[in-house]
Each structure stands twice: as C-alpha cells, then as structure tokens.
Peer 1: 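Structure below; questions to follow.
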Amino acid sequence: MRVEVLASVMNQSIDRIVEEMNLSSDAVIINQCDSLGYEERKKAEGRIRFYSFPERGIGRSRNEAILRARGDICLFSDEDIVYEPGYAEKIVKEFERNPKAHMILFHIQVEEERRTYQITERKRVRWYNCGRYGAVSFAVKRESLLCSGVTFSLLFGGGARYSAGEDSLFLKEFMKKGFLVYTAPVTIGRERERESTWFSGYHQKFFYDRGVLYHFLYGRLALGMALRFLLAHKGTLCRETSLKQAFAWMREGIRDAKAQ
C-alpha cells in the first residue's frame, strides 16, 4: 500500500512546503493563492503534485485533493504539520495490523492550548466521540473514501462561515455510511506553532460556532453533548469566560441552526 498526503496550504511554494513538512511519500498539495498553476517534483520517496487555486476554504481545498488522489491510503494534512521519519511505513503497518479498518486516526502532537484530546489507545470510533478528532489525524483507504461519496463541508472550517468542524462532520458521515474507523496511539508528526487561520481564542464566536456544529453532529442530543464538552474541558475552555456563559453561547448556536 502507498500512502499519499493530501495537504491544504496557503501561499506556499512546492520546494519550501516539502521541506517544512518533511514529506517522504507521495503527496497532493492544494495551494490557496491568487493564481492557477501546477508543478510536480519526483523524489526517491514519492511524487509531489502541487496545484494552485485562487479559491479559499479548507473544505474546498481538501475536496480538490480528494479528486486528484491516487494513493492507496490518503492522509489529510495542513501546512503546519511536520512528519516524523518513517511516517508512511508506520501508517501502512497499522492498516496491516487492522485489515478491517477503513480509516485509522493517528496521533499528532499538538500545542497545549489547542489540544482537547490525545489518542492513547486502539479502539473503534463511535458517533458520540467523533467530534474530538482533527482531520490531520485521518488516514483513509482511498477506495473506501470514494465508495462512501463523503466530502468536506463548505460551511465549516477555515475560510468558511463557521470556524471549525468540517473534520467532525466528515467523520460522522463516513461512519454513517457503514465504514469502520479506529484510533491508533502511533505518533506520525507534530503541529508546528503558527498563527491559526481560524482559532483566535475561546470567545463568543468559538462557542456559538461549536453550538451550530453540535446541532448537525448530534441533533436532539446537542445540548447534552455541549454541556458534556464544556465540563470535560472547562479548565482550558473557561479561563476567560464562565461555563454558564459558554453554555449560553453554544445553546444559541444550536437554537439558530435548528431554526434554519
């Protein structure tokens, strides 16, 4: 099996991003910039295909990458991920260990203030905990992905109306189609510190947008799951605002999404 990284980047060059991300496999890189273009690099470790588009939005760029993917296993990524040597081999080994898995979520080291969950064991992912994982941990069999017909939402994520959640919705829809998702406590890379394109603190918009997301993720259980989320992470989320206020903002988002 061949691993292919599907990366979404902004205003990058092919040589710079390959070096910064420490890529050593095939890759499809979607560069959000102000022009159209295509470049390619062939290396001993793999083939890098670099597409430039003027359109913006993380969901849109991830979908563009899916359309161009050719690898057996697709690994979603962002420009701030730095991969460990041998990451592709680790991924292949884990799929060989668990052949019934259609998708496996791997551990990415994340800076403390943005971390809400760590992958510490091998287990199956269920609908009630799919909201905790980021897309940069997703490694999925391309054949399963194409058969599912699932794509990333254009309403959620960087450059979209709502600040985050496209990864959670993608995971939920993939599992809803009957595909099996598992976690693996295997570290394949780390998140390089940089200014986020969507995260600017735990303020009103963060909690409101999270409420909108929870409506689409959990339906009638959204309020209960929102409270569960806040209680589980109040030490991180509620340093600058009260839990009561954060819950009120999430409730407002749930209500407005329900009314749409």
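Numbers for residues simply follow the sequence, beginning at 1. Values reported hereafter were calculated over all heavy atoms of this structure, with side chains retained and with hydrogens, waters and symmetry mates removed.
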Peer 1: Looking at Arg49, Arg68, Lys141, which one forms a salt bridge (charged side-chain N to carboxylate O under 4.0 Å, His left out) with Glu4?
Peer 2: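 So the option named by the test is Arg49.
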Peer 1: Would a 4.5 Å heavy-atom cut-off, applied to side chains only, mark Val181 and Arg124 as touching?
Peer 2: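 Side chain of Val181 against side chain of Arg124, heavy atoms only: no contact under 4.5 Å found.
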Peer 1: What orientation do Phe170 and Phe76 show, parallel under 30°, tilted 30 to 60°, or perpendicular over 60°?
Peer 2: perpendicular
Peer 1: Flag the pair Val18 / Lys43 as yes when at least one side-chain heavy-atom distance between them is below 4.5 Å, and no otherwise.
Peer 2: yes
Peer 1: Measure the shortest side-chain to side-chain distance between Arg142 and Asp72 over non-hydrogen atoms and say whether it is less than 4.5 angstrom.
Peer 2: no
Peer 1: Hey, does the Lys NZ or Arg CZ of Arg210 hover above the aromatic six-ring of Phe229, less than 6.0 Å from the centre and inside 45° of the axis?
Peer 2: yes
Peer 1: Could you tell me which non-hydrogen atom of Leu154 sits nearest to which non-hydrogen atom of Gly59, and how far apart they are?
Peer 2: CD2-C, 3.8 Å
Peer 1: Do Leu237 and Phe206 make a side-chain contact, defined as non-hydrogen atoms from C-beta onward lying under 4.5 Å apart?
Peer 2: yes
Peer 1: Phe152 and Ile58: side chain to side chain contact (heavy atoms under 4.5 Å, CB included), yes or no, with the steps?
Peer 2: CA-CA 8 Å; Phe152 285 89; Ile58 186 68; over 6 Å; no
Peer 1: Take the angle between the ring planes of Tyr214 and Tyr218 and call it parallel below 30°, perpendicular above 60°, tilted in between.
Peer 2: perpendicular
Peer 1: Say whether, by atom type as modelled, one donor and one acceptor occur between the side chain of Arg47 and the main chain of Val28 under 3.5 angstrom.
Peer 2: no
Peer 1: Less than 4.5 Å apart, side chain to side chain, heavy atoms only: is that true for Met10 and Arg56?
Peer 2: yes
Peer 1: Indicate whether the side chain of Asp256 and that of Tyr208 have a donor and an acceptor atom separated by less than 3.5 Å.
Peer 2: yes
Peer 1: Does a side-chain heavy-atom distance below 4.5 Å link Met103 with Phe174?
Peer 2: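 With C-beta onward as the side chain, the pair touches.
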Peer 1: So does Tyr133 get a backbone contact from the side chain of Ser137, meaning a donor-acceptor N/O pair under 3.5 Å?
Peer 2: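 Answer holds: no.
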Peer 1: Between Ser52 and Tyr38, do the side chains contain an N or O donor and an N or O acceptor separated by less than 3.5 Å?
Peer 2: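 Per modelled atom types, Ser52 and Tyr38 side chains form no pair under 3.5 Å.
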Peer 1: With rounding to the nearest 0.5 Å, note down the distance linking OG1 in Thr183 to CG in Asn98.
Peer 2: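 Here the rounded value is 9.5 Å.
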Peer 1: If only side-chain N and O atoms count, and only distance matters, is there a donor-acceptor pair under 3.5 Å linking Ser25 with Tyr83?
Peer 2: no
Peer 1: Will you find, in the side chains of Ser8 and Asp78, an N or O donor that is under 3.5 Å from an N or O acceptor?
Peer 2: no
Peer 1: Would Glu55 and Gln32 count as having a side-chain donor-acceptor pair, cut-off 3.5 Å?
Peer 2: no
Peer 1: Kindly work out whether a path of hydrophobic side-chain contacts (I/L/V/M/F/W/Y, heavy atoms less than 4.5 Å apart) joins Leu145 to Leu67.
Peer 2: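 No, it is not one cluster - the side chains of Leu145 and Leu67 are not joined through contacts under 4.5 Å.
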Peer 1: Between Glu79 and Arg192, does any side-chain N to carboxylate O distance fall below 4.0 Å?
Peer 2: no
Peer 1: Is a salt bridge present between Arg60 and Glu64, judged by a nitrogen-to-oxygen distance below 4.0 Å?
Peer 2: no
Peer 1: Please report the shortest heavy-atom distance between Val212 and Gly253, naming the atom on each side.
Peer 2: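 In terms of heavy atoms, the two residues are closest at CG2-O, 3.5 Å.
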